[in-house]
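The basis for the numbers below is simple: all heavy atoms, side chains too, and nothing from hydrogens, waters or symmetry mates.
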Amino acid sequence: MGDHTGGPLAGITVVALEQAVSAPMCTRTLADFGARVIKVENPAGGDFARYYDDVVHGQAAHFVWVNRGKESVTLDLKTEAGVGLLHRLLERADVLVSNLAPGATARLGLASADLAVRYPDLIAVEIDGFGAGGPLSHKRAYDLLVQAESGVCAVTGTADAPAKPGPPVADVTTGLYAALSILAALHGRTRGSAHGGSIAVSLFDTMAEMMGYHLTYARHAGVDQQPLGMSSPAVAPYGAYPTADGRTVVLGTTNDREWQRLATEILARPELAAAERFRTNSGRVRHRAELDEAIGAWCARHDLAHIQKTADDAGIGNSCYNRPSEVLDHPQLVERGRWRTIDTPGGPIPSLLPPAVLPGYDPPMGPVPGLGAHTDAVLTEIGCTATELAELRRTGAIGAG
């Protein structure tokens, strides 16, 4: 299974037993770098994220987001023939990525010990919820569940209204860590210092890592920092303030020099800049309410454009609070050509380029696959004849091509 796009990962073949967001984000990232990704789906519906909603020309927004540039092959892995075909794919693959329910890979003969014997050069990454060897290892784990268990929801929102962050950050960051681990393993293989091997990445461990600041603070200060909505418990002043023209500006400081400029050049309040209680960040955090009142009163007297220009001139970071619908045509995306058109079974749609910009490389931005759209082509490639495909289809081991 050879060169796919000519990108940095050209010639790398990934087999994916994936669903929802975490593993699909991992493999889409690899596809964005030029790997070939073969997504193995159940003929009876495939990846359940295909049906979360139907807002994208009859397709789910989650699915089209994280599944571009892949090939879909439908195998019934409850049949002996389906499992046999999976193993024929793995014989030619470089990487296996999975995020099935606990115990599912072992039932398919894909436990790490089995893979090490049968495919010593295969890099196998299993994404799970809580990691092996703990009291929660057997539990199903979804993004919200892991965010709650790991403390993320307790540091989001406000003290009386904890919240789940809007994006599925547990799924996304775990998928990216999985992709990073694959790149490290591929690099080790290239250098000859490593070959295949099994890699485990869990949503819970990833979210514990994301909670690094809050966990470190709680351990050493002995208290839980309280969530502050659109602010930060770590620094002050820093937050969102309504403007005179009905918008919301977000601004603040991250060090003492910035605070001095904000107080003198923006607020024109030299007495605040000189006050001992505001001299250090720790003092400003303790007196956050007084600073928020002063900044809020100033912002309420001025339009957003004036506030942002004044802050820019003073070298103070600032931004505009936007809703998702306002980001679609954001000039920072439009003028830099960040939107591209990709094909889907329901018709073409806009899709954002991957964040990493590599010199001389244009990401493939391949189509979102229909369920089983590549079954016949991929299985023919591994040696199945037309007669065999017809028999496999008749017995239900594969879905429609």
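Nearest heavy atoms, Gly372 versus Ser72: N-OG, 2.8 Å. The minimum heavy-atom distance between Val21 and Pro168, with the atom names listed, is CG1-CG, 4.5 Å.
Here the side chain of Glu335 pairs no donor or acceptor atom with the backbone of Leu333 at under 3.5 angstrom. Put simply, the side chain of Asp76 never gets that close to the backbone of Ala44: no donor and acceptor are under 3.5 Å apart. Using a distance-only test at 3.5 Å, with no hydrogens or angles considered, a donor-acceptor pair links the side chain of Ser231 to the main chain of Tyr238. In this structure, Arg189 contributes its side chain and Ala185 its backbone to no donor-acceptor pair below 3.5 Å. When atom types are taken as modelled, the side chain of Arg338 and the backbone of Pro354 share a donor-acceptor pair closer than 3.5 angstrom. Between the side chain of Thr74 and the backbone N or O of Gly399 there is at least one donor-acceptor pair closer than 3.5 Å. Checking side-chain atoms of Asn99 against main-chain N and O of Gln19 turns up a donor-acceptor pair under 3.5 Å.
Salt-bridge annotation for Glu41 and Arg50: present, with a side-chain N of the basic residue lying under 4.0 Å from a carboxylate O of the acidic one. Ion pair Arg68/Asp32 flagged as a salt bridge, since at least one NZ, NE, NH1 or NH2 atom sits closer than 4.0 Å to an Asp/Glu carboxylate oxygen. A salt bridge links Glu391 and Arg394; the closest N-O separation between the charged side-chain nitrogens and carboxylate oxygens is under 4.0 Å. Using a 4.0 Å cut-off between charged side-chain N and carboxylate O, Arg36 and Glu381 make a salt bridge. Under a 4.0 Å N-O distance rule, the pair Lys139/Asp128 does not qualify as a salt bridge. One finds no salt bridge joining Asp114 and Arg118 here, because no Lys/Arg side-chain nitrogen approaches an Asp/Glu carboxylate oxygen to under 4.0 Å.
Qualifying salt bridge (charged side-chain N to carboxylate O under 4.0 Å, His left out) partners for Lys70, counting only residues two or more places apart in sequence or in other chains: Glu18. Applying the side chain to side chain contact (heavy atoms under 4.5 Å, CB included) test to Glu80 and every residue at least two apart in sequence or in another chain returns nothing. Scored by the side chain to side chain contact (heavy atoms under 4.5 Å, CB included) test, His187 finds Arg191 as partners (sequence neighbours excluded). Under the salt bridge (charged side-chain N to carboxylate O under 4.0 Å, His left out) criterion, Asp47 pairs with Lys39, not counting sequence neighbours. Residues passing the ring-ring contact (aromatic ring centres under 6.0 Å, His included) test with His214: none are found, sequence neighbours excluded. Every residue two or more places apart in sequence or in another chain that forms a ring-ring contact (aromatic ring centres under 6.0 Å, His included) with His87 is listed here: Tyr119. Among residues two or more places apart in sequence or in another chain, the ring-ring contact (aromatic ring centres under 6.0 Å, His included) test is passed with Phe204 by Phe130. Partners of Ala305 under the side chain to side chain contact (heavy atoms under 4.5 Å, CB included) rule, at least two apart in sequence or in another chain, do not exist in this structure. Residues meeting the ring-ring contact (aromatic ring centres under 6.0 Å, His included) test with Trp65, sequence neighbours left out: none. With sequence neighbours excluded, the residues forming a side chain to side chain contact (heavy atoms under 4.5 Å, CB included) with Thr341 are Pro348, listed by chain and number.
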Solution key, residues 316-325 side-chain donor-acceptor pairs under 3.5 Å, sequence neighbours excluded:
unit_1 : atom_1 : unit_2 : atom_2 : d
Asn318 : OD1    : Gln308 : NE2    : 2.8
Asn318 : ND2    : Asp312 : OD1    : 2.9
Asn318 : ND2    : Ile316 : O      : 3.0

Steps toward salt bridge (charged side-chain N to carboxylate O under 4.0 Å, His left out) verdict (Asp303, Arg247): CA-CA 8 Å; Asp303 290 349; Arg247 304 294 300 277; over 6 Å; no
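Put simply, CG on Leu145 and CG on Leu203 are 10.0 Å apart, with the number rounded to the nearest 0.5 Å.
Sorted by first and then second residue, the side-chain hydrogen bond (donor to acceptor under 3.5 Å, both in side chains) pairs with a member in residues 252-268 read Thr254-Glu258, Asp256-Arg284; sequence neighbours excluded.
Within a 6.0 Å sphere centred on CG of Asp53, heavy atoms belonging to other residues, nucleotides or ligands number more than 12.
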